[in-house]
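Heads up, the thing below is written out as structure tokens.
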Amino acid sequence: MKNPESGQGMMQRFLPMLCSFLFVSFFGTNAMAEKYDVDVIQDNGDPGNRVDMVIMGDGYRTEDQQKLTDDVNAFLSDFWGESPYGVYKDYFNVKLVHVISNQNGADNGSYGPDRDTALGAYYNCNNIDRLICVDTSAVFSAARDNVPEYDYIFVIVNDTKYGGSGGSAAVFSTNSMASEIAKHEFGHTLGKLTDEYEDPYPGYPACGADCPEPNATTKTERSEIKWSAWIDQSTPLPTPETSSYASAVGIFEGCRYQSKGVYRPKLTCKMRALNSPFCEVCKEALALHIYNKVDPIDWVKPENDPIINTEDVVEFQVAHPVPGTGSMDVEWLIDGKQYASAKDKIQVKGTDLGPGGHKVEVIVSDMSSLIRNDPMRVSSSGHEWNVTVTGLNETMDSEPDAEIEEGKENKREKNEDEDALEMDALEVERDPAVEDRIDMVDETKPESEKDPAVENRIDIMEMEESGCTPGSRICDGSSRFLVCKDDGSGYETGGECANGETCYQGRCVKQSTDKNDDSGCGCAMSGESLGFGWMALAGLCLIFFKRMNVSR
């Protein structure tokens with residue numbers, strides 16, 4: 001049988017666990033987050049209405065960070081040279097996270113089989129020599145801790161051996177040809193495109209009624225083909241794989257790891273062969289998925305529906321991103337009729353509208369030749385204002401008559417004089433002896449019978465006479481508080497405590513349900529009290545660990 005554990009032994013076991021709990025509770029898990037330097041490569045607007053790309057390096061040591069910057073700039077130069085990425089360059093924000101590794105390269109790469117890198121990049125993933133994988137947990141952690149607004153992640157690996165991969169993050173090496181992998185893989189990630197290879201992929205799910213990806217289909221009837229808007233009437237379906245149709249959009253058999261029964265839009269495309277451009281169908285899919293992230297309208301002015309009179313002029317304005325094709329169309333409508341176009345700003349007079357309610361509308365649309373089929377209309381956006389125009393007569397009628405107002409003012413002054421005379425009469429009739437008796441009776445009341453609200457008011461009046469400390473607060477009743485004026489001359493209305501709270505010593509605190517609460521306010525322990533409790537416990541932890549080290 002074990003001997004009962006001493007109190008000191010229990011404390012030595014229990015206190016470290018309690019201190020660990022305190023550390024995590026007080027500081028949160030972010031206290032252990034890895035923070036790196038972050039460069040803003042391009043900032044094109046509010047992250048809430050842009051595609052936010054974060055690029056991280058793996059296998060870059062402290063002394064390699066300038067090389068990382070140079071490698072990323074070289075990659076982006078090539079990336080923006082590819083359509084449609086470059087067309088919508090201004091729709092992207094790009095940040096570079098300077099992740100620091102202990103060693104350069106990647107496992108099984110140019111520098112040897114085992115490398116100590118921050119994101120764990122390694123070649124020969126799944127026994128495929130040029131397939132690079134990374135520690136996705138480390139990648140996402142670094143992204144969340146340093147660029148929490150990110151949408152998509154790219155990882156550039158500091159190794160010249162050709163390789164890369166796709167999926168939740170696009171991974172590619174510094175090999176001069178590897179950026180093609182990144183562009184192809186981002187086609188999967190952003191555009192939801194499928195590979196157009198015919199090589200078998202055992203276990204890959206079948207299409208079903210039709211393939212879910214925008215660049216693959218099982219349909220051969222023109223009316224059922226999802227990219228029919230791109231197919232000329234003269235193009236035969238299925239389309240022969242000959243040089244005569246090398247530039248045509250049709251349905252070419254062999255796609256999605258199937259050589260039969262599944263069709264792709266074009267003879268060749270970047271989703272089938274690197275160093276080829278994206279086909280028209282894939283470009284459109286990528287553009288539409290960019291618009292899934294970016295509303296064509298950034299902001300409008302005025303923010304609220306205006307109310308004007310007939311003599312006023314109101315300005316309406318819209319801001320929007322502009323694709324590289326310069327194809328953004330802006331159309332203005334008033335009461336459903338075209339008013340102006342190709343303008344980001346218009347001015348409208350009340351006289352042009354006339355009295356009453358009117359609707360002003362702006363519609364912003366991408367008219368690029370890259371988009372032919374947009375069933376969800378994500379490449380177009382609109383905003384409406386409901387404008388109320390009041391007539392001049394209505395404004396004049398609403399102005400008070402000067403003679404009537406003067407009469408009202410005279411009547412108010414007369415009433416105030418009469419009230420003052422009545423108060424003087426009452427003061428004369430009061431018996432000072434009786435008043436003293438009333439004061440004595442009130443002073444002899446026990447504390448339990450005094451009205452707290454009255455007591456608070458007495459305190460307030462006394463403080464008003466003696467002044468107060470600017471910004472200090474006191475209670476005014478059970479759930480209200482007052483705040484000292486900036487000049488310290490007295491108190492002014494502060495506010496109401498929330499439901500379930502009471503005013504105690506000038507603070508709003510939660511009401512306690514503990515019957516044994518003897519705090520004097522009937523309130524739960526305040527945040528300040530809890531803060532002191534945490535500080536005391538933290539101090540105890542520090543003392544404990546110091547004594548543990550000394551005893552060793």
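We're numbering straight along the sequence, starting at 1.
Closest of all the heavy-atom pairs between Val281 and Pro265 is CG2-CB, 3.6 Å. Asp295 approaches Ser381 most closely through the heavy-atom pair OD1-OG, 2.9 Å. The two residues Lys183 and Phe79 come nearest to each other via the heavy atoms CG-CD1, 3.7 Å. The two residues Asp210 and Ala216 come nearest to each other via the heavy atoms OD1-O, 4.2 Å. A pairwise comparison of heavy atoms in Asn158 and Gly59 identifies ND2-O, 3.0 Å as the closest pair. Counting all heavy atoms, side chain and backbone alike, Ala118 lies closest to Tyr36 at CB-OH, 4.4 Å.
With Asn93 contributing its side chain and Gly45 its backbone, the two residues share a donor-acceptor pair below 3.5 Å. At distances below 3.5 Å, not a single donor-acceptor pair connects side-chain atoms of Ser173 with backbone N or O atoms of Thr160. Judged purely by atom type and a 3.5 angstrom limit, Asn146 uses its side chain to pair as donor or acceptor with the backbone of Glu34. Gln65 contributes no side-chain N or O that, together with a main-chain N or O of Asp37, makes up a donor-acceptor pair within less than 3.5 Å. With hydrogens and angles disregarded, a donor-acceptor distance shorter than 3.5 Å links the side chain of His289 to the backbone of Ala285.
Side-chain contact check for Ile55 versus Leu76: some heavy-atom pair is nearer than 4.5 Å. Looking only at side-chain heavy atoms (C-beta outward), Pro238 and Glu253 stay at 4.5 Å or farther from each other. A 4.5 Å side-chain heavy-atom check between Cys211 and Thr217 finds every atom pair outside the cut-off. Looking at Arg264 and Met271, their side chains never come closer than 4.5 Å, going by heavy atoms from C-beta outward. Between Leu193 and Glu213 there is no side-chain heavy-atom pair separated by less than 4.5 Å. A heavy-atom distance below 4.5 Å is not found between the side chains of Asn175 and Lys161. Two residues are said to be in side-chain contact when any heavy atoms from C-beta on lie closer than 4.5 Å; Ile225 and Leu237 meet this criterion. Using a 4.5 Å heavy-atom cutoff, the side chains of Ser101 and Asp58 are in contact.
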- Task: Tell me, with the steps shown, if Cys282 and Lys270 meet side chain to side chain contact (heavy atoms under 4.5 Å, CB included).
- Result: CA-CA 9 Å; Cys282 290; Lys270 191 174 296 292; over 6 Å; no

- Query: Given the rule in the side chain to side chain contact (heavy atoms under 4.5 Å, CB included) test, do Asp135 and Leu119 qualify, once you have shown the distances and angles that lead to the verdict?
  - Reply: CA-CA 5 Å; Asp135 181 346; Leu119 304 180; 5.7 Å; no

- In sequence, state the C-alpha distance, the side-chain angles, and the governing distance for Phe172 and Phe75, and then conclude on ring-ring contact (aromatic ring centres under 6.0 Å, His included). CA-CA 10 Å; Phe172 57 102; Phe75 160 69; 4.5 Å; yes

- Message: Apply side chain to side chain contact (heavy atoms under 4.5 Å, CB included) to residues Asn104 and Arg115 and explain how you reach the verdict.
- Response: CA-CA 7 Å; Asn104 57 359; Arg115 308 302 292 171; 2.8 Å; yes

- Message: Determine whether Arg272 and Phe252 satisfy the following criterion, side chain to side chain contact (heavy atoms under 4.5 Å, CB included), listing intermediate values before the conclusion.
- Response: CA-CA 12 Å; Arg272 181 176 176 86; Phe252 297 83; over 6 Å; no

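Counted within 6.0 Å of CZ on Arg130, heavy atoms from surrounding residues, nucleotides or ligands total 12 or fewer; the atom is thus considered open. Within 6.0 Å of CD on Glu221 lie no more than 12 heavy atoms contributed by other residues, nucleotides or ligands. No more than 12 heavy atoms of other residues, nucleotides or ligands sit less than 6.0 Å from atom CZ of Arg377.
The pair Lys301-Asp344 does not meet the salt-bridge criterion, since no charged nitrogen lies less than 4.0 angstrom from a carboxylate oxygen. We find that Asp64 and Lys67 are not joined by a salt bridge, their nearest charged nitrogen and carboxylate oxygen being 4.0 Å or further apart. Contact check on Arg372 versus Glu280 returns no salt bridge, with no Lys/Arg side-chain nitrogen under 4.0 Å from an Asp/Glu carboxylate oxygen. Ion pairing between Arg50 and Glu149 fails under the 4.0 Å rule for side-chain N and carboxylate O. Between Lys266 and Glu196, no side-chain nitrogen of the basic residue sits less than 4.0 Å from a carboxylate oxygen of the acidic one, so the salt-bridge criterion is not met.
Checked against the 2.5 Å cut-off, the SG-SG distance between Cys269 and Cys279 does not fall under it.
Between the side chains of Asp329 and Ser365, no donor-acceptor pair is found at a separation under 3.5 Å. With 3.5 Å as the limit, one finds a donor-acceptor pair spanning the side chains of Tyr257 and Asp195. If you check the side chains of Glu284 and Trp227, you find no donor sitting under 3.5 Å from an acceptor. Side chains of Asp71 and Thr174: no donor on one and acceptor on the other come within 3.5 Å. Between the side chains of Asp366 and Tyr88, at least one donor-acceptor pair of N or O atoms lies under 3.5 Å.
How far CG of Asn108 is from CG of Asp114: 7.5 Å, rounded to the nearest 0.5 Å. Note that CG of Asp90 is 9.0 Å distant from CH2 of Trp80, once rounded to the nearest 0.5 Å. A distance of 9.5 Å separates CH2 of Trp230 from CG of Asn373, quoted to the nearest 0.5 Å. Separation of atoms CG (Leu286) and OG1 (Thr189) is listed at 10.5 Å; rounding is to 0.5 Å. Residue Tyr162 holds its OH atom at 3.5 Å from CD1 of Ile181, rounded to the nearest 0.5 Å. Atom CG of Asp151 is separated from atom CG of Asp52 by 5.0 Å, given to the nearest 0.5 angstrom.
Between Tyr201 and Tyr204, the two ring planes are tilted [angle within 30° to 60°].
Checked against the 6.0 Å centroid threshold, Tyr85 and Phe92 do not count as a close aromatic pair.
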